[in-house]
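Working notes, beginning with the structure itself.
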Amino acid sequence: RFAATATCAAAVHIHIHTSTSSQGGSHKMGPKRQSDDAAPSHGKKPKTDDHSKKIAAKADKKWSNSKGKDKASSSSSSSSSYKGGDKRPHSSSSHGGSQQRPEKRKVPQNHKEQQELKAHRQQERNPNHMLVTKLKALWEKARQKALPTADRHAVIDEMMTMLTSKVKEIIFQHDSARIVQCAIQYGTPAQRDVLFNELKDSVVELCKSKYSKHIIPKILQYGTKKHRDHVVQSFYGNVRKLMTHRNAAEVLALAYLDYANSQQRAALAEEFYGPQFALFKSHEVSTLKQLVEKNPTKLEPMLKYMKEVLTPLLTKGTATHALVHRVLLEYLTFANENDVNEMLETLRELCVEMLHTKDGAKIGMFCLWRSAAKDRKQILRTFKDFLQKICEEEYGHLVLLAALDCVDDTVLLGKFILQPIVECMPALLQNRYGVKVLLYFVAPRSSKYFLPEVTQMLEQGDSNPFSKKDMAVRRKESLDVVFPALLKLVEQQVGALARDGPCSQLLAEVAMCKAGDTTQLLRSLAAAVASHEEGAEESLADNASGHRLIKRLLAEHCTSTSGVTFAECLADALDNQYESLVAQNRGAFVAVALLECGVAPVADRVAKALKPLAKSLAAQSTPGPQLLLKVLNGEATGREDRKKGSDNSDHKDVPAAAPTPAAKGAKNNKKGSADGTEDGAAAGKAAAAAKTPAPKENQSAAAAALADYVSPPVAKRTRQGKLNA
């Protein structure tokens with residue numbers, strides 16, 4: 001193969017030389033070459049063939065001499081195969097002296113030599129390589145979760161001995177950065193101070209590095225307040241530059257959102273108002289609104305500067321940070337109509353990236369309210385692929401509620417919002433904010449489930465100029481799309497949903513909704529009350545959320561569109577099972593609710609079934625059976641009688657009975673709770689339990705049970721909590 005290749009190369013060389021000569025490249029050889037080429041028929045062999053054979057023979061000889069020999073002999077024979085006048089390019093004679101060829105680097109013969117050679121080369125490139133290698137071995141031990149604390153402290157002490165005064169030299173490497181993070185996490189406060197003192201002057205530089213940027217969050221998390229304040233203050237004057245840097249923007253956003261106080265947040269945000277705020281910090285003013293009130297003439301230059309800063313930030317992938325959301329919301333609030341519309345053109349595609357913060361959610365609502373139908377379609381299209389995540393966001397789900405209130409095109413809304421909600425509905429039932437979204441279809445803006453500030457926020461979009469359809473019509477069209485799937489899902493999981501607090505509220509609203517026939521749901525719930533599910537620790541009637549749900553449906557006279565009441569369904573399901581029901585404290589309260597349901601046939605039927613159980617009720621000491629016994633005996637009035645008190649005409653002729661100790665205790669308990677004094681409430685509970693006045697230290701178990709029922713031990717009593725209690 002080598003000989004053939006050489007022959008072809010020689011032929012090509014001669015052809016090129018010949019063609020060059022024929023064009024006048026060489027005047028001396030031109031005529032002779034032309035005569036040889038012009039008279040090939042005289043019987044003479046062309047020079048080309050002889051020359052090619054010589055080159056081929058030479059190459060063949062060289063190939064045969066080098067074949068089958070080792071490297072050294074091959075090199076030697078190769079050089080000897082040249083003609084006497086030719087010299088190797090690197091021979092010493094070419095330089096005219098006795099200079100020898102440099103020796104080749106030794107080739108490692110085994111794995112050990114390879115590792116030694118690798119370590120030697122790394123040490124040449126990095127003088128701290130051996131130090132980092134030793135530290136990595138200690139780091140592997142220190143980061144083990146099962147390592148005892150004492151052993152870990154010993155390893156960290158050894159690491160600190162090596163790290164001291166060397167941190168800055170190794171901090172920008174990927175492996176050594178992890179070592180420093182481990183030392184900060186597991187070190188003592190004194191050791192953290194040592195590391196922080198070496199790094200405190202390089203905070204901004206560390207934030208920009210791909211690997212060392214992870215050290216700053218560790219300092220913020222495990223450091224002292226002094227450390228956190230220094231890190232935040234290191235950003236002063238560099239906020240604009242850091243926000244345009246990909247690595248540094250993540251660290252700055254984390255410090256702003258999780259560790260900076262209100263004054264520090266204001267100091268970071270005000271650098272977007274103008275270049276002078278990067279140099280001079282004002283501790284009196286914290287928002288753009290306060291600045292405008294103090295100096296109204298500075299609004300225009302500040303808005304102009306904010307626009308120049310925000311526009312490139314939105315196009316560089318930093319639209320997800322809370323600091324940008326705050327400044328952007330202030331800009332949209334104070335800018336004129338033209339500037340707002342210009343900024344909205346950029347925000348409509350980025351709106352989905354801002355919904356995880358409170359200010360970002362407000363920006364999303366603002367975009368929906370200030371956009372026409374065509375632009376709203378563009379915004380909602382970006383929501384479709386992330387709808388489940390948006391529904392489960394603390395602030396993101398509020399944007400969906402605003403979309404349900406303002407988008408007139410129900411077909412568009414169904415394509416991008418409603419149908420995806422139906423598809424992910426089972427997953428939404430597992431999330432508290434997902435349940436809020438489903439509740440909004442059946443109980444929109446209800447004060448039972450939505451805070452006043454949320455309702456006020458949503459009401460800001462009611463007067464937007466782009467929504468023309470009536471609110472009630474829009475809500476009915478949305479509910480018609482979602483309700484069939486929601487009703488079917490609730491029927492399938494009625495037992496599990498009734499035992500969960502937020503889901504039980506959703507179940508109650510679906511059961512009382514008139515958008516569909518809920519007869520099957522009421523019967524399924526009644527059957528769940530009568531039966532005991534496998535794996536459940538307690539029955540549905542004795543469950544905290546379950547028994548509140550049952551009592552609410554009975555008290556509000558829940559009736560399906562076909563005229564079937566929940567009281568009738570529950571009485572049919574509990575037939576011959578009242579004994580097991582009233583044996584439970586909360587179950588007895590369910591029986592009381594049945595007696596007071598307002599459906600006379602059901603109340604008479606239940607009373608007739610409970611009369612034979614009076615003896616067993618008298619033997620129980622819990623509040624539920626005691627109250628049930630009094631209702632059966634006529635000693636306690638119903639729900640309406642308790643509201644009217646002595647004005648009830650049916651009981652005017654009945655002499656007022658002396659208040660029992662239990663009633664006194666309940667009264668004292670109520671008074672003590674209203675006054676905010678613990679002594680009065682505790683004494684009332686004790687008196688109700690023991691039926692005689694007793695000090696609070698002698699409370700019985702019955703008193704504790706009554707206290708838990710009458711006044712649940714919660715830190716903050718909301719309106720709904722009071723109603724449930």
Side-chain angles (χ1 to χ4, degrees), residues 240 243-244 266 269-275 277 285-383 390 395-396 398-409 412 456-468:
R240 182 178 176 181
M243 288 304 299
T244 58
E270 68 183 9
E271 295 193 20
F272 290 89
Y273 303 154
F277 293 97
V285 180
S286 59
T287 61
L288 181 62
K289 182 179 179 180
Q290 295 176 353
L291 279 172
V292 173
E293 291 175 354
K294 191 175 181 179
N295 298 302
T297 57
K298 293 184 178 180
L299 177 60
E300 289 299 327
M302 285 192 294
L303 290 176
K304 182 179 179 181
Y305 185 82
M306 291 171 69
K307 183 179 180 180
E308 294 176 357
V309 176
L310 289 172
T311 302
L313 286 180
L314 295 177
T315 59
K316 288 189 176 182
T318 57
T320 60
H321 301 315
L323 178 57
V324 178
H325 299 171
R326 170 177 174 168
V327 180
L328 184 58
L329 181 62
E330 292 178 333
Y331 176 79
L332 294 175
T333 304
F334 289 94
N336 57 48
E337 189 73 18
N338 294 332
D339 291 338
V340 168
N341 293 334
E342 184 179 352
M343 186 63 71
L344 288 179
E345 291 294 330
T346 306
L347 288 177
R348 289 188 182 106
E349 290 291 340
L350 302 174
C351 183
V352 69
E353 302 179 14
M354 303 182 179
L355 306 183
H356 56 281
T357 66
K358 187 174 182 179
D359 292 334
K362 291 181 179 179
I363 293 173
M365 295 180 190
F366 188 88
C367 292
L368 287 171
W369 295 334
R370 298 291 296 270
S371 299
K374 181 180 178 181
D375 298 325
R376 286 175 178 173
K377 180 179 179 180
Q378 182 183 3
I379 296 173
L380 296 181
R381 184 185 290 111
T382 62
F383 289 176
I390 296 173
Y395 303 108
L398 300 177
V399 182
L400 292 183
L401 304 187
L404 295 176
D405 285 344
C406 71
V407 178
D408 291 338
D409 190 348
L412 175 68
Q456 294 171 6
M457 187 187 304
L458 295 174
E459 288 175 351
Q460 296 176 10
D462 292 346
S463 59
N464 75 87
F466 300 101
S467 297
K468 307 297 183 182

Write down the atom of [X], the atom of [Y], and the distance for their closest heavy-atom approach.
X	Y	answer
Tyr305	Glu271	CE2-O, 3.8 Å
Cys406	Leu368	SG-CB, 4.2 Å
Arg376	Ser371	NE-O, 3.1 Å
Ala319	Leu314	CB-CD2, 4.1 Å
Met243	His321	CE-CD2, 3.6 Å
Tyr273	Met306	CD2-SD, 3.9 Å

Can you confirm whether [X] sits close enough to [Y] that some side-chain heavy atom of one is under 4.5 Å from a side-chain heavy atom of the other?
X	Y	answer
Met343	Thr311	yes
Ile390	Val399	no
Leu310	Val324	yes
Phe366	Leu347	no
Arg348	Thr382	no
Glu337	Arg370	yes

- Query: Sub-3.5 Å donor-acceptor pair from the side chain of Lys358 to the main-chain atoms of Leu355, do we have one?
  - Reply: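 Checking the backbone N and O of Leu355 against the side chain of Lys358, no donor-acceptor pair under 3.5 Å is found.
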- Message: Closer than 3.5 angstrom, by distance alone: can the side chain of Asn464 be matched with the main-chain N or O of Gly461 as a donor-acceptor pair?
- Response: yes
- Query: Hey, mind stepping through Cys351 and Ile363 against side-chain contact (heavy atoms from CB on, under 4.5 Å) and telling me if it holds?
  - Reply: CA-CA 8 Å; Cys351 183; Ile363 293 173; 5.7 Å; no
- Message: So, applying side-chain hydrogen bond (donor to acceptor under 3.5 Å, both in side chains) with His325, which one of Thr357, Asp359, Thr320 is it?
- Response: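 The single option meeting the side-chain hydrogen bond (donor to acceptor under 3.5 Å, both in side chains) with His325 is Thr357.
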- Task: For the pair Val407 and Lys377, evaluate side-chain contact (heavy atoms from CB on, under 4.5 Å) and give the outcome as yes or no after the intermediate values.
- Result: CA-CA 9 Å; Val407 178; Lys377 180 179 179 180; over 6 Å; no
What's the spacing between [X] [atom1] and [Y] [atom2] if we round to 0.5 Å?
X	Y	atom1	atom2	answer
Asp339	Phe334	CG	CZ	14.5 Å
Tyr395	Met457	OH	CE	9.0 Å
Arg381	Leu412	CZ	CG	8.0 Å
Leu291	Phe277	CG	CZ	5.0 Å

- If a pair satisfies salt bridge (charged side-chain N to carboxylate O under 4.0 Å, His left out) and one of its residues is in residues 290-303, list it, with sequence neighbours excluded.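 Checked against salt bridge (charged side-chain N to carboxylate O under 4.0 Å, His left out) - neighbours excluded - the pairs reaching residues 290-303 are Glu284-Lys294.
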- Let me know which of Leu288, Leu303, Val309 forms a side chain to side chain contact (heavy atoms under 4.5 Å, CB included) with Tyr331. Leu303
- Message: Show, in sequence, the C-alpha distance, side-chain angles and deciding distance for Leu332 and Lys362, and conclude whether the side-chain contact (heavy atoms from CB on, under 4.5 Å) test is met.
- Response: CA-CA 11 Å; Leu332 294 175; Lys362 291 181 179 179; over 6 Å; no
- Task: Please step through side-chain contact (heavy atoms from CB on, under 4.5 Å) for the pair Glu342 and Lys307, ending with a clear verdict.
- Result: CA-CA 10 Å; Glu342 184 179 352; Lys307 183 179 180 180; 2.9 Å; yes
